[in-house]
Amino acid sequence: MKKEMAKTYDPRGIEDRIYKNWEEKKYFHAEVDHSKQPFTIVIPPPNITGQLHMGHALDETMQDILIRFKRMQGYNALWQPGTDHASIATEVKVIESLKEQGITKADLGREGFLEKCWDWRKEYGGRIVNQLKKLGSSCDWDRERFTMDEGCNRAVTEVFVKMHEKGWIYKGNRIINWCPVCKTSISDAEVEYEEQHGHFWHMKYPFINEDGTVSDTEFLEFATTRPETMLGDTAVAVNPEDERYAKYVGRKVMLPIMNRPIPVVADEYVDMEFGTGVVKITPGHDPNDFEVGKRHGLPVINVLNDDATINENGGKYCGMDRYEARAAIVEEIKEMGLLVGIEDYSHNVGTHDRCGTTVEPMVKEQWFVKMDELIKPAIKAVETGDIRLVPKSMEKVYYNWTNNIKDWCISRQLWWGHRIPAWYCDDCGETIVDRTAPAVCPKCGGTHLTQDPDTLDTWFSSALWPFETLGWPEMTEDLKYFYPTDVLVTGYDIIFFWVIRMIFSGFEQMGEKPFKTILFHGLVRDAQGRKMSKSLGNGIDPLEIIRDYGADALRMTLVTGNAPGNDMRFYTERVEANRNFANKIWNATRFIMMNVAEDAADIDSNAVPANLHPEDKWILSRFNDVVKEVTDNMEKFEMGIAVQKVYDFMWGEFCDWYIEMVKPRLYLTDDADSKNAALWTLQTVLIGGLKLLHPFMPFITEEIFTTIQQTEESIMISSWPVWRDDFNYPEDEKAIEMIKEAVRGIRNIRTERGIAPGKKAMVYVVSSSDETLGYFEKDKLFFEVLASASDAVMQKDQSGIPEGAFSVVLPFATLFLPMQDLIDIPAEIARLEKEEKRLEGELKRSEGMLSNERFLSKAPADKIAAEKEKQAKYKDQMDGVRAQLEQLRNM
RNA sequence: GCGAUCAUAGCUCAGCUGGGAUGAGCGUCCGCUUGACGUGCGGGAGGUCACAGGUUCGAUCCCUGUUGGUCGCACCA
């Protein structure tokens with residue numbers, strides 16, 4: 001069917017229209033259907049505070065490519081979408097916006113504040129979803145979930161209660177990371193270490209003599225980076241092996257300022273080699289010291305308030321900020337003559353990844369998840385390959401974490417999030433953990449119960465995402481059918497936060513892994529290789545790119561030349577290149593449309609015409625190869641390679657060669673059969689190519705597909721191309737090989753002869769004999785070539801075509817060129833001799849390999865077979881080369 | 001400190017667990033209003049695949065080491 005098409009492809013307007021149509025037709029929706037195999041991906045839920053950035057764009061693009069590919073392959077493909085409440089991130093944003101109005105969290109109270117949070121969610125929660133749609137994401141929006149919707153809330157409570165019953169969730173006084181700005185505890189994963197330049201203060205504590213007086217001659221010297229913590233010191237430690245200090249163990253030193261006698265203890269934690277081999281022990285504010293303290297029964301003294309000012313345990317420093325106190329304490333120690341020296345020192349300091357504040361280790365009562373047993377199946381699953389990590393190198397990173405895992409601190413002193421389902425009896429102090437609020441205390445019967453004010457770590461609910469979105473804790477049909485999901489696509493930066501936690505949660509709650517494969521991608525960086533960040537202002541807004549170049553071009557840019565797990569740099573030049581590719585495909589379609597007759601019906605790609613020319617068979621068999629390879633790459637998650645192959649095939653072979661070859665048949669001859677065969681092939685390969693391209697460029701492929709087909713049916717629900725026996729022509733191998741030769745020959749002519757001062761023409765190979773003519777077999781082949789009119793011999797009478805000549809068809813004239821004029825025979829002979837030599841080497845190599853016993857005994861059978869096949873191919877090629885040489889030498 | 005990973009054309013990167021550098025995009029130079037496309041067409045220049053050893057008939061690919069970069073983890077107070 002003939003249709004008018006614009007000269008350039010402009011995605012604007014088209015993309016939104018198409019997306020709307022897909023949504024209306026419910027193409028993204030999946031229902032349980034036991035006649036089909038499921039293929040499931042759950043989206044990494046973007047934060048409701050989020051704005052689409054390049055990281056999302058990459059993540060969503062990869063998922064959409066996979067889901068569209070599988071959908072076309074006939075799977076029942078479900079892409080489960082949703083958003084994350086992002087406890088701390090959202091709370092911070094809401095507080096900020098309130099601040100502008102001069103309101104604080106406390107002014108509103110818990111209820112009021114939460115209302116504001118829900119308002120925020122209502123206002124901004126949908127924004128990111130709309131942005132995902134701009135990308136073309138084929139998520140099943142009917143199933144959209146939110147980590148704080150009713151179902152997820154139930155799931156969270158259920159997990160908490162169950163794990164508590166099992167003893168795997170407990171409340172305890174342990175050392176945790178505290179953010180003095182956010183005023184909440186955070187997990188180990190949320191601590192980011194950053195190098196800071198500070199000082200190393202060398203100081204000394206005096207011994208206490210046997211008579212109880214403080215010595216002015218005997219001291220224990222050590223160094224610290226955090227002098228203010230001395231206020232909470234409860235011991236000084238040395239290594240038990242350390243002979244220098246053995247005699248002091250058991251004695252006491254006087255903690256200056258606080259005037260508190262503290263013991264000298266021996267503990268293996270102390271490194272004798274480092275510094276003086278003496279460490280001050282502050283169990284309240286250092287995780288290692290906390291452990292030492294536990295071993296020696298030392299008291300724990302917390303000297304900090306929640307905002308990191310010194311508390312009443314800090315004596316006269318009470319109320320002072322931690323850094324002010326540090327300076328003042330150093331000053332006082334100096335005055336006391338106990339400061340030995342100051343050294344510049346750079347070390348890594350833990351900061352809160354959210355706000356950058358230096359975290360303070362503190363002992364606090366918090367809720368924890370016991371990890372030792374929980375993590376076991378998660379480790380095993382990766383070890384046995386039950387869960388596959390792509391790329392494999394991520395396994396090391398994974399084990400690095402799982403093997404050193406500590407209990408997970410899950411309580412947060414925040415309001416926005418899942419409230420911990422624990423109540424305390426005001427009368428007897430009993431703790432009750434239950435699915436619903438208890439009315440009376442089971443222990444004392446008291447009715448004054450207060451719920452724990454804390455909420456849960458955001459990642460606690462995210463960890464349940466793969467099954468809570470499918471209906472858990474209800475064992476729904478969805479869950480039975482779609483779980484475990486197939487692939488998780490995510491960045492390597494959240495492997496600890498999210499991926500590992502989903503895995504152990506999946507095994508614990510479902511008894512089954514949450515996904516079979518994890519596909520990691522890298523970071524999208526700017527053109528200089530820097531991380532895109534708000535503070536640098538170097539972020540490129542994907543929405544702007546979509547507006548200027550189209551989502552297809554953006555998607556292509558994000559996925560081409562990008563291997564799993566690798567970071568990529570983003571250049572607008574690359575987007576342009578992909579926009580150009582879209583235009584190329586558009587124009588190839590235009591060319592075909594212009595040549596299709598006004599009243600032509602759609603072609604039936606199954607009705608293969610009988611009279612295909614060699615070039616038709618060539619492109620069809622090439623298409624067949626590409627289908628096979630691309631499918632293979634897709635199955636292996638090698639999307640970058642897959643798309644590159646389609647790109648190269650469509651542009652480099654289909655457009656550059658096949659379309660050019662076929663032009664004379666459409667323009668210059670009246671042979672209807674030949675014309676139809678060409679048009680059939682053009683359309684068949686184009687449509688096939690569009691299908692291969694569809695996962696990557698969903699919009700333009702849809703636009704073209706619906707333009708050239710008469711059906712309304714969408715390309716996204718069409719079937720993925722498969723290898724076809726009727727596109728395989730073993731009996732015509734020679735003719736097809738000839739096309740390849742011709743392509744090479746023409747290249748040769750174009751380059752080595754430099755024939756082209758400016759005229760484009762078609763070469764028509766003519767010969768009355770059936771013999772191979774140099775590179776070309778007899779008749780019917782047209783090729784584009786740059787030919788020089790001055791090099792050509794004009795012959796008006798076509799009957800006078802000399803044996804073994806090319807005809808060069810210009811728009812208004814036909815030129816004939818003797819073979820000798822087109823081919824630089826000596827150069828060609830030299831080239832072939834080189835080729836002959838190469839093949840000789842290749843054959844020698846192959847023979848060597850196949851006679852090598854070690855190779856034969858060790859190599860797998862298919863490899864040996866492949867080598868044998870190669871050898872046969874080389875022999876064939878050698879014969880060909882020698883025959884050509886013979887021919888050229890006789891010319 | 002431990003571990004990972006990278007080093008290929010001027011730039012950014014692909015390269016299927018050893019067998020012709022087969023490369024791509026951008027840039028650059030030369031030539032093209034040709035009836036799909038100048039968002040195009042044709043062509044050229046440009047690489048001792050970081051360096052040094054080793055294994056092998058053969059190494060960009062495997063091993064060891066060196067140098068340089070990136071990342072993760074652990075940090076000694």
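We name chains A, B, ... by the order of the sequence lines, and we start the count at 1 in each one.
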Closest approach to the side chain of A:Thr8, judged atom by atom: which nucleotide of B:A77, B:C13, B:U39 is it? B:U39

Considering every strand and a 4.0 Å limit on heavy-atom distances, what is the contact class for A:Thr229: base, sugar-phosphate, or nothing? nothing

Applying side chain to side chain donor-acceptor pair (under 3.5 Å), name anything that partners A:Thr589, two or more places apart in sequence or on another chain. none

Short N-O contact, A:Arg622 and A:Asp625, less than 4.0 angstrom: yes

Residues from residues 571-586 of chain A sitting under 4.0 Å of RNA chain B, heavy atoms only? A:Tyr571, A:Glu573, A:Ala577, A:Arg579, A:Asn580, A:Asn583, A:Lys584

Measure the distance from NE2 on A:His521 to P on B:U5 and round it to the nearest whole Å. 19 Å

Those residues of residues 626-643 of chain A lying under 4.0 Å from RNA chain B by at least one heavy atom: A:Lys636

Phosphate OP1/OP2 of B:A77: any A:His285 side-chain N/O under 4.0 Å: no

Atom pair distance, as rounded to whole Å: CE in A:Met650 and P in B:U39: 21 Å

Provide the distance between the two C1' atoms, one in B:U55 and one in B:U8, to the nearest whole Å. 23 Å

Rounding to the closest angstrom, what is the interatomic distance between B:G43 and B:G65 at atom C1'? 45 Å

Give me, pair by pair, the N or O atoms of the protein and of nucleotides 70-73 of chain B that are less than 3.5 Å apart, along with how far apart they are.
{"residue": "B:C73", "atom": "O2'", "partner": "A:Asn400", "partner atom": "OD1", "Å": "3.4"}

Distance between the C1' atoms of B:C13 and B:G54, in whole angstroms? 30 Å

Please report the distance separating the P of B:U70 from the corresponding atom of B:G31, rounded so that it comes out in whole Å. 44 Å

So do A:Pro11 and A:Phe699 actually touch side chain to side chain, heavy atoms under 4.5 Å? no

So, A:Asp344 and A:His197: side-chain donor and acceptor under 3.5 Å apart, yes or no? no

Taking A:Glu228 first and then A:Arg326, would you say they form a salt bridge - that is, a charged N and a carboxylate O separated by under 4.0 Å? yes

Rounded to the nearest Å, what distance is computed from the CG atom of residue A:Asn403 to the P atom of nucleotide B:C2? 18 Å

Mind calculating the distance between CG (A:Leu682) and C1' (B:C37) to the nearest angstrom? 15 Å

Quote, to the nearest angstrom, the C1' distance that separates B:A77 from B:G3. 25 Å

Can you tell me the distance, in whole Å, between the CD1 atom of A:Ile704 and the P atom of B:C37? 15 Å

RNA chain B in dot-bracket, Watson-Crick or G-U pairs under 3.5 Å, [ ] crossing, | other strand? (((((((..(((((.......))))).(((((.......))))).....(((((.......))))))))))))....

Show your working on side chain to side chain donor-acceptor pair (under 3.5 Å) between A:Asn239 and A:Tyr245 and close with a plain yes or no. CA-CA 8 Å; A:Asn239 190 290; A:Tyr245 301 113; over 6 Å; no

Using atom CD1 of A:Ile659 as one end and atom P of B:G35 as the other, report the distance to the nearest whole Å. 15 Å

Nearest-Å distance once atom C1' is located in both B:C62 and B:A24: 27 Å

Determine the contact category for A:Tyr345: base if any of its heavy atoms lies under 4.0 Å from a base atom, sugar-phosphate if only primed atoms, P, OP1 or OP2 are that close, otherwise nothing. sugar-phosphate

Set of residues satisfying side chain to side chain donor-acceptor pair (under 3.5 Å) with respect to A:Thr402, sequence neighbours excluded: none

Name the residue closer to the 5' end of RNA chain B, choosing between A:Asn587 and A:Arg569 according to the nucleotide with the nearest heavy atom. A:Arg569

My understanding is that only residues two or more places apart in sequence, or in another chain, count here; which of them pass side chain to side chain contact (heavy atoms under 4.5 Å, CB included) with A:Lys396? none

Once salt bridge (charged side-chain N to carboxylate O under 4.0 Å, His left out) is applied, what residue pairs with a partner in residues 546-568 of chain A remain, sequence neighbours excluded? A:Asp64-A:Arg555, A:Arg525-A:Asp567

If we take the C1' atom in both B:C57 and B:G44, what is their distance in whole Å? 37 Å

Counting only side-chain nitrogens and oxygens, does A:Lys7 get under 4.0 Å of the OP1 or OP2 atom of B:C37? yes

Taking only residues two or more places apart in sequence, or in another chain, which ones meet A:Glu360 in a salt bridge (charged side-chain N to carboxylate O under 4.0 Å, His left out)? A:Arg226, A:Arg322

From the options B:C41, B:G25, B:A77, select the nucleotide whose nearest atom is closest to the side chain of A:Trp651. B:C41

Rounded to whole Å, CE of A:Met556 lies from P of B:U12 at a distance of 22 Å

Taking the six-membered ring for Trp, are A:Tyr647 and A:Phe581 closer than 6.0 Å centroid to centroid? yes

Using side chain to side chain contact (heavy atoms under 4.5 Å, CB included) as the criterion, list what pairs up with A:Asn583, not counting sequence neighbours. A:Thr8, A:Tyr9, A:Trp586, A:Asn587

Side chains of A:His202 and A:Glu343 only: does a donor on one sit below 3.5 Å from an acceptor on the other? yes

What integer distance in Å separates A:Tyr9:OH from B:U39:C1'? 13 Å

A:His296: side chain to side chain contact (heavy atoms under 4.5 Å, CB included) partners, not counting sequence neighbours: A:Val265, A:Asp267, A:Val292, A:Leu298

Decide yes or no on side-chain contact (heavy atoms from CB on, under 4.5 Å) for A:Val575 and A:Asn578, but give the supporting numbers first. CA-CA 5 Å; A:Val575 186; A:Asn578 289 307; 5.7 Å; no

Which whole number of Å gives the distance between the P atom of B:G46 and that of B:C11? 16 Å

Any residue meeting ring pair (Phe, Tyr, Trp, His ring centres under 6.0 Å) with A:Phe649, in chain and number order, not counting sequence neighbours: none

